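Report on the structure given below.
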Amino acid sequence: MQNNHKRKTVSLQMLGFEFRKVIGNPYVHIFGVGMPVLMMIIITRAIGGEVPEGAMRIAMNTSVFLGIGSLIPMATIFMGYAVSNAQEMEKGIPQRMELFGIRAGVSICNRVLSEIIFMVLAFLIYFVVGYVAVDLNAPTFSGGLLYLLCIFSLSVILFCLAHAISSLLRKFSLTYCVTMLLYFAMMILGGMMGISFDNMPAAVQMVAKLLPVTYINRDFYTVWKGESYNFMPMLQSYLLMAAIAGIAIIFTMKRTERKLH
């Protein structure tokens, strides 16, 4: 029995099943791969038409490249997982899988791994296209490592938030609407939709400062180059978002327990 449980937990077959579900979701390809690549190329081409060649253009290209990269976890993890999970709940798929002895925790574990694998592949495509199509600055070792750490931390928070939203709403249409609105709200407030942070009204800036994507889009070039940077505001935004995601997860778990009893 113990071996069987272990086999199910780490099964490559189960991981492959979950990964096929991820790549079968059109939203992750459109918003998680196509849109970041397209936006990065369009915006850097627009910068090229206004800024003469040289260090300043390369710096601006790199800043855009790093900021737009945060769309990948926002789309693949936040939107992609949320709508897929809600659709499965609406159809009663988790209950059917439990009838076959596949617990929800095992399914979520394999789904997390499959989401990470897809996101890594999406980033590989994004980085290859970026360095082939656009003039970019290479990172310092610490800058590249911190970027990966920040993206991974953001992905974990977004996964928790996506799971909570989809588990609470349990309907594809409602989950799609809510996550899409939040997705574009984060893009706008993060300064990725043509309105920079400095051009936002003061009240909007206060809200934007609460989001990690704002700092990734606005400031991460400094970190990328290994220069001195005050991480405290960015860290506070991560902690706030993590707290919101944690509260949402706890509320979801409590609500599920009440329904079971």
Side-chain angles (χ1 to χ4, degrees), residues 19-81 83-84 113-156 158-159 179-180 183-184 186-188 190-196 212-226:
F19 185 71
R20 285 193 295 272
K21 288 199 298 184
V22 173
I23 62 176
N25 184 348
Y27 299 101
V28 298
H29 298 285
I30 296 170
F31 295 103
V33 181
M35 189 171 179
V37 169
L38 189 62
M39 284 186 64
M40 179 261 296
I41 291 175
I42 291 174
I43 296 174
T44 52
R45 288 289 184 270
I47 290 172
E50 297 179 2
V51 180
E53 290 187 19
M56 180 175 287
R57 183 196 287 188
I58 296 175
M60 292 182 71
N61 285 347
T62 308
S63 182
V64 169
F65 174 79
L66 296 174
I68 297 298
S70 62
L71 291 181
I72 295 175
M74 285 166 57
T76 59
I77 303 292
F78 182 62
M79 267 194 64
Y81 174 75
V83 297
S84 177
L113 291 174
S114 63
E115 293 281 357
I116 291 173
I117 292 170
F118 183 86
M119 189 177 72
V120 169
L121 293 174
F123 263 107
L124 286 175
I125 294 171
Y126 182 73
F127 270 76
V128 168
V129 173
Y131 274 92
V132 169
V134 183
D135 291 329
L136 300 171
N137 276 320
T140 60
F141 177 78
S142 62
L145 193 63
L146 285 169
Y147 184 75
L148 293 177
L149 178 62
C150 287
I151 290 293
F152 180 77
S153 301
L154 178 63
S155 302
V156 172
L158 290 175
F159 181 87
T179 53
M180 179 67 80
Y183 173 81
F184 280 109
M186 285 189 284
M187 283 183 64
I188 294 168
M192 291 177 275
M193 293 292 282
I195 305 174
S196 66
V213 291
T214 299
Y215 300 97
I216 295 174
N217 185 57
R218 186 187 66 174
D219 299 338
F220 218 93
Y221 177 74
T222 302
V223 182
W224 187 256
K225 292 298 294 177

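Everything numeric in this text was worked out from a predicted model, so none of it was measured.
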Taking the six-membered ring where the residue is Trp, are the ring centres of F159 and Y81 under 6.0 Å apart? yes

Of all heavy-atom pairs between M192 and G67, which one has the smallest distance, and what is that distance? SD-O, 3.3 Å

Atom pair SG (C150) and OH (Y215), whose distance is rounded to the nearest 0.5 Å: 12.5 Å

Write down the atom of N25, the atom of G80, and the distance for their closest heavy-atom approach. ND2-O, 3.0 Å

Measure from the side-chain N and O atoms of H29 to the backbone N and O of I23, and report whether any donor-acceptor pair falls under 3.5 Å. yes

Taking every heavy atom of G144 against every heavy atom of P139, the minimum-distance pair comes out as N-CB, 3.8 Å

Tell me, do I77 and V156 make a side-chain contact under 4.5 Å, heavy atoms counted? no

Atom of P36, atom of I72 and distance for their closest heavy-atom approach: CG-CG1, 3.9 Å

Check against side-chain contact (heavy atoms from CB on, under 4.5 Å), V213 and M74: CA-CA 9 Å; V213 291; M74 285 166 57; 3.6 Å; yes

Non-hydrogen side-chain atoms of V28 and V33 separated by less than 4.5 Å: no

Check whether any side-chain N or O of Y221 sits under 3.5 Å from a backbone N or O of A59 as a donor-acceptor pair, and report yes or no. no

State, with a plain yes or no, whether a side-chain heavy atom of P73 is found less than 4.5 Å away from one of I151. yes

Compare all side-chain heavy atoms of L66 with those of W224 and state whether any distance is below 4.5 angstrom. yes

Can you measure from CG (L136) to CE (M40) and round to the nearest 0.5 angstrom? 7.0 Å

Which distance, rounded to the nearest 0.5 Å, do you find between the CG of L71 and the CE of M187? 5.0 Å

Test side-chain contact (heavy atoms from CB on, under 4.5 Å) on I216 and Y147; report intermediate values, then the result. CA-CA 8 Å; I216 295 174; Y147 184 75; 4.1 Å; yes

What is the distance from atom OG1 of T62 to atom CZ of F220, rounded to the nearest 0.5 Å? 13.0 Å

Aromatic ring proximity F78/Y183, centre distance under 6.0 Å: no

Nearest heavy-atom neighbours spanning T140 and V223: OG1-O, 4.2 Å

Measure up the Y126 and F65 rings against each other and bin them: parallel (under 30°), tilted (30 to 60°), perpendicular (over 60°). parallel

Verify, without hydrogens or angle tests, whether Y131 (side chain) and N137 (backbone) share a donor-acceptor contact under 3.5 angstrom. yes

Atom pair CD1/OG1 of I58 and T44 - distance to nearest 0.5 Å: 12.0 Å

To the nearest 0.5 Å, atom NZ of K225 lies from atom OG of S142 at 11.0 Å

Would S155 and M119 count as a side-chain contact (heavy atoms from CB on, under 4.5 Å) here? Give the steps. CA-CA 9 Å; S155 302; M119 189 177 72; 3.2 Å; yes

Determine the minimum heavy-atom distance between G24 and P26, stating which atoms define it. O-CD, 3.3 Å

